[in-house]
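Just so you know, residue 1 is the first one in the sequence shown, and it goes up from there.
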Amino acid sequence: MSDNRASRPRDTGGAVALVTGGGSGIGAATAQALTAAGWTVVICGRRAHALERVAEISGAHPMIADTTDADAVRTLVDDTVDRFGRLDGVVLNAGIVRPGPVAELSESDWSAMVETNLTAPYRLLRLALPHLIESRGAVVGVSSVSALRASGGSCGYNATKAGLTMLLQSVAIDYGPQGVRANVVCPGWTRTEMADEEMAELGGERGLDTEQAYSLASAFVPLTRPARSAEVAATVAWLLSPAASYVNAAVLPVDGGHSAVDVGTVAFDPRFSLTADRT
């Protein structure tokens, strides 16, 4: 059989994508972006009501599945392929944050992040890869700028997101010869339910409302604002599309320039002021 597939970009017509953590935030926005581009999309998560709400808005197909449950993941992949006949794209978006530096982070919180942010993607990929090889499909991992630049008090999140990034690059290297592409996006501050909670905490400490907290957190981001979920989702959808047919093993910051800032020069910015004595 001649392998004409290798010489032409994959058409999204009839293509099927699976998006984890699809009930809110970047996952929900990705479902909308992909369905708008003609994909059939399966979204999974643990909250039925959230998945159903996204499904109503986007036209995606909800499946309740906890990606940390090996049996649930196997059922998720099998049911997707049985129902739709193929699997062309996977978006690894589900993730959790448990704050704390090494000496203060509990082993249970560390284990929860390793399981959700790293082991669960590995487990899903093992099951999805035979189908992605068949379809010459693509994977996108939703990592974080925390995989590129360590953020204080977040050792477990930093480490597991860095691990996810290398996991996807390993897939790109190992399965690229079989036509599978794997790439990573690294968002900075993005307006999501999770980020809203963090902004509420920051605002409470500083006497700020949520909007003011977002402004403070993104003050030294070159674009001086957080991302919208749809902006990150558009990049994910592009990476899955034929337009990115020669993009493989990329680690793409979607952070408004956040990761390019030289922290050593921030003190010279006229917007900077020292508000606490740290001597």
K.L.:
Which salt bridge (Lys or Arg N to Asp or Glu O under 4.0 Å) pairs, counting each pair once, include a residue from residues 147-157, with sequence neighbours left out?
P.N.:
none
K.L.:
What pairs of residues pass the salt bridge (Lys or Arg N to Asp or Glu O under 4.0 Å) test when at least one of them lies in residues 99-128, not counting sequence neighbours?
P.N.:
Arg98-Asp109, Glu115-Arg123
K.L.:
Linking Ile, Leu, Val, Met, Phe, Trp and Tyr by side-chain heavy atoms under 4.5 Å, what else ends up with Leu223?
P.N.:
none
K.L.:
What pairs with Asp209 under side-chain hydrogen bond (donor to acceptor under 3.5 Å, both in side chains), at least two apart in sequence or on another chain?
P.N.:
none
K.L.:
Out of the candidates Thr165, Val185, Val251, only one should pair with Ser143 under the side chain to side chain contact (heavy atoms under 4.5 Å, CB included) rule; please name it.
P.N.:
Thr165
K.L.:
Linking directly or through intermediates, with side-chain heavy atoms under 4.5 Å: list the remaining ILVMFWY members grouped with Met199, chain and number order.
P.N.:
Trp189, Leu202, Leu208, Tyr214, Leu216
K.L.:
Which pairs with one or both residues in residues 57-68 pass salt bridge (Lys or Arg N to Asp or Glu O under 4.0 Å), sequence neighbours excluded?
P.N.:
none
K.L.:
Any salt bridge (Lys or Arg N to Asp or Glu O under 4.0 Å) involving residues 40-61? Give me the pairs, sequence neighbours left out, ordered by first then second residue.
P.N.:
Arg47-Glu193
K.L.:
Can you list the residues that meet the side-chain hydrogen bond (donor to acceptor under 3.5 Å, both in side chains) rule with Thr20, with sequence neighbours excluded?
P.N.:
none
K.L.:
Can you name the residues that form a salt bridge (Lys or Arg N to Asp or Glu O under 4.0 Å) with Arg83, not counting sequence neighbours?
P.N.:
none
K.L.:
Holding to ring pair (Phe, Tyr, Trp, His ring centres under 6.0 Å), I want the full list of residues that pass it with Phe84, two or more places apart in sequence or in another chain.
P.N.:
His61
K.L.:
Could you identify which residues cluster with Val263, counting Ile, Leu, Val, Met, Phe, Trp and Tyr as linked when any side-chain heavy atoms lie under 4.5 Å apart, either directly or through a chain of such contacts?
P.N.:
none
K.L.:
My understanding is that a hydrophobic cluster links ILVMFWY residues whose side chain heavy atoms are under 4.5 Å apart, including indirect links. Using that, what else belongs to the cluster containing Ile96?
P.N.:
Val97, Leu105, Trp110, Met113, Val114, Tyr157, Met194
K.L.:
Do the side-chain N and O atoms of Thr192 and Thr190 include a donor-acceptor pair separated by under 3.5 angstrom?
P.N.:
no
